[in-house]
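To keep things clear, I will list the structure first and then write my remarks on it.
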2 protein chains.
Amino acid sequence: MSVTIKDVAKKADVAPSTVSRVISDSPRISEKTKRRVRSVMEEIGYHINYNGRVLVSKSTQTIGIVTKVSSVHSFDNPFFSEMLRGISDSCHESDYSLYLTTGNTEESIYKEVVKMVQGKRVDGVIVLYSRADDPVISYLRKSDCPFVMIGKPADRTSETMYVDNDNIQASLDVTDHLMKLGHKRIAFIGGDSQFEVARDRLNGFHQAFTKRGWKADDSWIRHIQTSSPDAQKVVDDLLELEDAPTAMVVTDDYNAMRVMNALRSRGLSLPQEMSIVGFNNTMIARLSTPALTTVDTQSVQLGYQSAEMLMDKLKHPDRINRSMIIPTIIVERESCIQKKDKGE
Amino acid sequence: MSVTIKDVAKKADVAPSTVSRVISDSPRISEKTKRRVRSVMEEIGYHINYNGRVLVSKSTQTIGIVTKVSSVHSFDNPFFSEMLRGISDSCHESDYSLYLTTGNTEESIYKEVVKMVQGKRVDGVIVLYSRADDPVISYLRKSDCPFVMIGKPADRTSETMYVDNDNIQASLDVTDHLMKLGHKRIAFIGGDSQFEVARDRLNGFHQAFTKRGWKADDSWIRHIQTSSPDAQKVVDDLLELEDAPTAMVVTDDYNAMRVMNALRSRGLSLPQEMSIVGFNNTMIARLSTPALTTVDTQSVQLGYQSAEMLMDKLKHPDRINRSMIIPTIIVERESCIQKKDKGE
DNA sequence: ATCTCATATGAAATCGTTACCATGAAATAA
DNA sequence: TTATTTCATGGTAACGATTTCATATGAGAT
């Protein structure tokens with residue numbers, strides 16, 4: 001059917017093993033032979049078949065990417081796309097390829113991961129999320145497939161490779177930022193609370209209050225799922241509180257925009273009547289009006305470094321598992337302003 | 001190393017070929033043997049190695065995805081993510097996997113495509129864009145690797161599988177929509193003009209004028225690259241025209257939002273002083289203020305159908321090449337209004 | 001001239017599956 | 001009873017590469 005290493009060998013009058021050595025540019029082959037073999041390869045249009053190589057060399061030069069169950073929506077969210085871009089950039093530099101899971105239920109994703117790991121389609125895996133009791137992670141740990149997760153592991157942190165932000169600190173900082181602007185009643189609107197990142201950010205939020213000897217009211221703490229249309233309800237509830245918040249920390253730009261729209265639909269003018277901060281500094285933060293002040297989690301870096309870390313591990317399997325914290329940066333735009341009437 | 005079909009065979013006291021038949025659930029094997037073999041597989045933890053299978057069966061059950069050169073930015077743009085989601089959904093249903101190109105220069109993408117096709121890593125390819133003189137397309141045509149493109153082929157249309165919108169009609173419709181609202185001076189702000197879609201939409205724009213016996217002024221036709229910060233300049237130019245447009249057709253939601261921001265920074269209030277329509281109906285169209293009236297190109301469907309078409313071709317290679325037009329729908333939101341002073 | 005030792009290349013085993021051909025036993029037909 | 005099918009399974013050669021071990025050749029040392 002296609003041109004194989006044997007065809008090249010025959011035509012160049014050498015052994016298949018010699019051709020193989022030419023492919024890998026082995027120093028044991030004379031320049032003369034290399035030239036001859038290469039010109040034959042060119043002539044008869046040879047191209048390596050990776051499956052043959054993988055079978056014996058046991059390396060696919062491919063890494064698998066596992067997205068959230070809600071990947072149905074995670075592609076929507078630029079945060080994921082940006083991580084993917086970072087991963088993609090890094091892989092390209094090292095000549096690795098990407099293999100994507102396509103499932104959209106927890107069950108089917110699990111199966112796909114097993115399939116791609118056991119089936120030897122990938123050398124390693126990057127998991128784009130972190131949550132407790134994840135069967136995918138348990139499986140990856142059992143198998144000896146190297147993997148790195150983006151986000152802090154729910155358990156066995158020290159033996160797991162991960163790259164993450166310091167979400168506690170980031171959340172603390174951004175909440176404090178609002179406090180410095182005079183806000184005392186600050187709402188926290190988190191995302192899907194099953195993910196680790198949600199805990200950390202809520203934690204940091206509380207710490208900001210503790211630091212000042214204040215206390216956040218429980219009624220200020222809310223969650224909205226990216227997938228459900230409950231932004232309006234959460235905002236309504238919040239505005240109807242006796243002491244309605246004057247600022248909001250929303251743990252994701254996308255949700256922040258939904259919240260802003262909900263606020264506007266209640267007639268509030270922004271940022272005058274409500275200060276908002278988002279997270280991730282995605283494209284939408286730049287484009288919103290008012291432009292969103294947000295915590296840049298450097299998603300591209302998150303992806304890039306996770307891929308680097310994984311490929312490093314693949315190259316040196318005996319090296320100990322590292323992990324990495326990517327710094328966050330508060331990007332100030334126009335969605336937060338000094339609270340007018342400080343007393344009250 | 002790992003558990004192979006031979007280990008199973010030995011333990012179950014059958015031939016490797018029998019195990020292989022059990023895996024594919026061949027009807028030629030008795031239920032009794034199947035049960036026994038399966039229990040052994042379970043017991044010693046067997047899992048198929050796909051590379052071995054691919055080598056002989058010559059089918060990878062994987063399709064490759066090729067993105068624009070500007071993939072650096074295409075991930076940013078939700079349009080691409082949504083197509084990817086559609087592809088992903090379809091592939092998952094048929095148990096196919098996805099293989100992504102990671103390059104970000106024209107040269108490196110080309111190489112990766114050759115690598116994945118010649119290297120037999122994929123059974124077919126989906127190209128997420130269309131432009132003239134694309135070496136990737138020439139290559140795919142030369143090789144006999146089935147592929148489908150999203151967007152109208154620049155040439156040899158009838159022999160190429162593609163899925164596309166009727167962009168000419170869509171653009172005509174949406175321009176006419178603005179005209180019905182009383183607008184006569186309408187700007188067209190296209191994206192990267194190297195892509196086929198840009199031509200079609202400009203074409204439709206002109207046709208809308210022709211249909212009414214009007215003519216679009218050349219100065220109203222502009223282009224902005226997603227990657228460069230020239231939205232403001234384009235807007236400035238347009239506003240400084242003697243007869244500045246009162247409405248704008250922007251061929252992409254993302255750029256539409258950039259244009260809206262540029263307009264606002266010039267002090268215009270929207271939609272009162274400028275009506276805008278976008279394209280693609282991405283998430284950002286829903287979230288913008290005013291919410292963007294846009295042409296829903298059904299990007300998820302675009303992706304979904306392209307994958308279906310490709311997999312169908314893979315299953316029936318002799319079937320003739322089909323192509324498909326996905327209908328577009330104008331989604332009216334708040335960014336377009338009746339022009340106030342009709343006379344003028 | 002003989003021996004040693006690189007150097008360049010070849011031969012063959014191997015990786016994990018599948019697919020073709022063969023075969024023995026049981027079932028059916030003559 | 002014998003011949004002919006059918007059925008369930010076994011044996012083994014691919015598939016396309018890599019890799020280990022072996023070997024011929026020639027250069028240099030003695």
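Just so it is clear: chains get the letters A, B, ... in the order the sequence lines come, proteins before strands, and each one is counted from 1.
Taking side-chain N and O atoms only, B:T33 has a distance below 4.0 Å to OP1 or OP2 of D:dT9. In terms of phosphate contacts, A:Y50 brings no side-chain nitrogen or oxygen within less than 4.0 Å of OP1 or OP2 of D:dT18. The phosphate of D:dC15 (OP1 or OP2) has no side-chain N or O of A:K6 nearer than 4.0 angstrom. A close approach under 4.0 Å does not occur between any side-chain nitrogen or oxygen of A:K120 and OP1 or OP2 of C:dC15.
Counting to the nearest Å, the C1' atom of D:dC15 and the CD1 atom of A:I48 are 14 Å from each other. In this structure, A:D7 places its CG atom 10 Å from C1' of D:dG16, rounding to the nearest Å. Remark: P of C:dC21 and CZ of B:R21 are 13 Å apart, rounded to the nearest angstrom. Whole-Å rounding puts the B:L55 CG to D:dA17 P distance at 9 Å. Rounded to an integer number of Å, the gap from CG of A:N49 to C1' of D:dA17 is 8 Å. Protein atom CD of B:Q118 is 11 Å distant from nucleotide atom P of D:dA17, rounded to whole Å. Following rounding to the nearest Å, B:I5 (CD1) and D:dG11 (P) show an atom-to-atom distance of 15 Å. In this structure, the CG atom of B:N51 is 15 Å from the C1' atom of C:dT14, given to the nearest Å.
Screening A:V66, A:I65, A:V148 for a side chain to side chain contact (heavy atoms under 4.5 Å, CB included) with A:V125, the sole residue that qualifies is A:V66.
In this structure, a donor-acceptor pair under 3.5 Å is present between the side chains of B:S90 and B:E308. A donor-acceptor contact closer than 3.5 angstrom links the side chains of B:E82 and B:S299. With no hydrogens or angles considered, a side-chain donor-acceptor pair links A:S97 and B:Y99 at under 3.5 Å. Inspection of the A:N51 and B:Y50 side chains reveals no N or O donor paired with an N or O acceptor under 3.5 Å.
Taking 4.5 Å as the limit, every side-chain heavy atom of A:V136 sits out of range of all side-chain heavy atoms of A:F147.
Counting non-hydrogen atoms under 4.0 angstrom, B:T4 reaches the backbone sugars and phosphates but no base. Nucleic acid contact class of A:V14 (heavy atoms, under 4.0 Å, all strands): sugar-phosphate only. Counting any heavy atom pair closer than 4.0 Å across all strands shown, A:D13 reaches sugar-phosphate atoms only and no base atom.
Remark: side-chain polar atoms of A:T62 are not paired, donor with acceptor, to backbone N or O of A:L98 under 3.5 angstrom.
No more than 12 heavy atoms of other residues, nucleotides or ligands shown are found within 6.0 angstrom of CG on A:D133.
Residues A:D13 and A:R36 are not paired through a salt bridge, judged by the lack of any N-O separation under 4.0 Å between the basic side chain and the carboxylate.
Near DNA chain C, meaning a heavy atom under 4.0 Å from it, residues 24-31 of chain B has no residue at all. Using a 4.0 Å cutoff on non-hydrogen atoms, no part of residues 35-43 of chain A comes near DNA chain C.
Of the candidate nucleotides D:dG16, C:dT17, D:dT18, D:dG16 has the atom nearest to the side chain of B:K58. When the nucleotides C:dA19, D:dT18, C:dA11 are ranked by their closest atom to the side chain of B:V56, C:dA19 comes out on top.
Not a single donor-acceptor contact under 3.5 angstrom links the side-chain atoms of A:R53 to the base of D:dT19. Interface remark: the A:T18 side chain does not form any donor-acceptor pair with the C:dG10 base, using a distance-only criterion of under 3.5 Å.
If A:K34 and B:Y46 are placed on DNA chain C by their nearest nucleotide, the residue sitting closer to the 5' end is A:K34.
Legend: salt bridge (Lys or Arg N to Asp or Glu O under 4.0 Å) pairs involving residues 146-156 of chain B, not counting sequence neighbours, sorted by first then second residue: B:R141-B:D155, B:K152-B:D200, B:R156-B:E159.
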